[in-house]
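Working notes, beginning with the structure itself.
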Amino acid sequence: MAETCPARLPRGKRDLLPDTRRGAACGRGRFRRRGRAPSVVPTTASDRHPLLKAIRGRLLWYVSDPETDGAAARRYVEDGLLVLRDGLVAASGEAAGLLPTLPEGTPVADHRPHLVTPGFIDAHIHYPQTQVVASFGATLLEWLERYTFVEEQLFADPDHAAAGARFFLDELLRNGTTTASVYCTVHPGSVEALFAESARRGTRMAAGKMMMDRGAPPPLLDTAEGGYRDAKALIGRWHGSGRQLYAISPRFALTSTEAQLAAVGQLVREHPDCLVQTHLSENLREIEAVAALHPADRDYASVYDRFGLLGPRSLLGHCLHLSEEEFELLHARDAVAVFCPTSNTFLGSGLFDWARMRDPRHPIRVAVATDIGGGTSYSVLATMGEAYKVLHLQGQSLTPDAAFHAITRGNAVALGLDHLIGSFEPGRECDAVVLDAGATPAMARRLERVRALEEELFLLTTMGDDRCVVATYVMGEAAHRRG
């Protein structure tokens, strides 16, 4: 049975009410999950942490994949409360049951009637490309040469890199994104700038120095030995430092010699807990060029596999034109295909085949991403709206639950971080985003006809963007507030 959407005040009047009254219409039992006790971590006097606070709103998160488990994967609490201790979820459940357990004076951020979900996760994004977005009229290889390589050379300047990192993280948080797997440039200083800014804000980021020793302008080239040495030093300095994680990042097979790919493989063996991120089969000309450079390899994916770069922690951007043998190889290695819909359509690269990735003969794990700056929006909501269209063109369907799972728990699973982020289960780090499905006049008018949670989620992914983000929380602290 579809869950009924709670009644709402008109947006203009709702925003004038004090927090204690806002969303009163949402607490009347509609949408309520029956027979489920709040999920609580027991505490004793000895383990109570003084940093106790709470967030109240309509809570939504997932505990499994809705494409396999349906509605059972979803957790929805109409009038819910997140109890936080030192930035971690201590309890998540009905506000009526949890509010009386809080010590007097515990701060409660009341976001009713808005939806509160885990912070969004972006599985593939380039922070040096914020000023490359919306560069006109080129396919992938032309776009790299004409725009991207020119821009990335500027990141040799530490001040430019630091300013870029500040803007980049501001923009992510403004769009509700609290974790991302990020490509920096070939310059170690670009990585230092991104990690330093992320550490200052307390965000959980994975990032890495781009490794390229051919196929790019000389100022962007390293060497096999130098790239290995720089990455090794950055891993030692940043991987596991606070919430920062390192992602070993060869750009793609066109820009790394076999010597460098061997060095990357050595890094992967020496640091198996690091992510590996690269690009695979994005563009037909790219695939042809890789085949010319590696004639002994069966296909593009086999080049990476020969050097030990395919595994459960491998994030492979795009994967648009895979052969049957490549599907079988990625399945065997348990690698992740990263779907970047706005980039794929903007650059005319192709259409991602989600259904084929789910083929039971060779299922491949999937993540989703904005791919700024080939991608055209920092908003993962807008990105999932484009994903819906890409799949619809192929006779496939992306349900609202599948979309919201993908940008929260689904991407956390892909990054191997679902034990830390991506849900509101007790013990998780409390990164969260507060969403207003009536953020614009057009959305508010459509919302008047919404009668089910699934319809509200579809509205958010179809018409939503940064304007829907009321607030973004990082480890329970407000990192962005709308307006």
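Nothing fancy with the numbering, it's 1 onward along the sequence. What you are looking at is a predicted structure, and each value in this text was computed from that prediction instead of being measured.
The minimum heavy-atom distance linking Glu67 with Ala402 is given by the pair CG-CB, 3.9 Å. Across Tyr304 and Thr278, no two heavy atoms sit closer than the pair OH-OG1, 3.3 Å. Nearest heavy atom pair, residue Leu415 against residue Leu275, reads O-CD2, 3.7 Å. Heavy atoms only, all atoms of each residue included: Thr342 and Ser377 are closest at OG1-N, 4.3 Å. Scanning both residues, Ala253 and Tyr300, for their nearest heavy atoms gives CB-CE2, 3.8 Å. Summarising the geometry of Gln277 relative to Ser181, their closest heavy-atom pair is OE1-OG, 2.7 Å, with the distance given to 0.1 Å.
The aromatic ring centres of Phe339 and His124 sit 6.0 Å or more apart. Residues Trp238 and Tyr246 keep their aromatic ring centres 6.0 Å or farther apart.
Under the 3.5 Å distance criterion, the side-chain polar atoms of Ser314 are matched with a main-chain donor or acceptor of Leu309. In this structure, Glu326 contributes its side chain and Ser323 its backbone to a donor-acceptor pair below 3.5 Å. In this structure a side-chain-to-backbone donor-acceptor pair under 3.5 Å is missing from Thr106 to Leu102. At least one donor-acceptor pair closer than 3.5 Å links the side chain of Arg313 to the backbone N or O of Asp273.
Between Arg174 and Asp170, the closest side-chain pair of non-hydrogen atoms is not below 4.5 Å. Proximity of Thr408 to Trp61: side-chain heavy atoms (C-beta onward) are nowhere separated by under 4.5 Å. Between Asp305 and Arg333, some side-chain heavy-atom pair lies under the 4.5 Å cut-off. Put simply, the side chain of Leu254 reaches to within 4.5 Å of the side chain of Val290, judged on heavy atoms. With contacts defined as side-chain heavy-atom distances shorter than 4.5 Å, the pair Val132/Glu152 does not qualify.
Salt bridge Asp79/Arg56: present, at least one basic N to carboxylate O contact under 4.0 Å. Remark: Glu425 does not engage Arg428 in a salt bridge, criterion side-chain N to carboxylate O under 4.0 Å. Salt bridge Arg201/Glu477: absent, no basic N to carboxylate O contact under 4.0 Å. Under 4.0 Å is where a charged nitrogen must lie from a carboxylate oxygen, and between Asp65 and Arg365 no such pair does. A salt bridge links Arg482 to Asp436: at least one charged side-chain nitrogen sits closer than 4.0 Å to a carboxylate oxygen. A salt bridge does not link Arg361 with Glu328: every distance from a Lys NZ or Arg NE/NH1/NH2 to an Asp or Glu carboxylate oxygen is 4.0 Å or more. Between Arg451 and Glu455, no side-chain nitrogen of the basic residue sits less than 4.0 Å from a carboxylate oxygen of the acidic one, so the salt-bridge criterion is not met.
Using bins of under 30°, 30° to 60° and over 60° for the plane-to-plane angle, the ring pair His318/His279 lands in the parallel bin.
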Just do the side-chain contact (heavy atoms from CB on, under 4.5 Å) check on Phe327 and Arg356 with the steps written out, would you?
CA-CA 9 Å; Phe327 270 94; Arg356 195 175 177 199; 3.1 Å; yes

What's the verdict on salt bridge (charged side-chain N to carboxylate O under 4.0 Å, His left out) for Glu456 and Arg58, showing C-alpha distance, side-chain angles and the deciding distance?
CA-CA 12 Å; Glu456 182 181 9; Arg58 295 164 49 229; 2.5 Å; yes

Using side chain to side chain donor-acceptor pair (under 3.5 Å), reason through Thr370 and Asp122 one step at a time and then give a plain yes or no.
CA-CA 7 Å; Thr370 63; Asp122 191 334; 2.5 Å; yes

Working note: Glu142 + Thr139, criterion side chain to side chain donor-acceptor pair (under 3.5 Å); need CA distance, chi angles, decisive distance, verdict.
CA-CA 6 Å; Glu142 297 163 330; Thr139 57; 3.0 Å; yes

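Residue pairs satisfying the ring-ring contact (aromatic ring centres under 6.0 Å, His included) criterion with at least one member in residues 461-482, sequence neighbours excluded, are listed as follows: His111-Tyr473. For residues 442-466, the set of pairs meeting the ring-ring contact (aromatic ring centres under 6.0 Å, His included) definition, not counting sequence neighbours, comprises Tyr388-Phe458.
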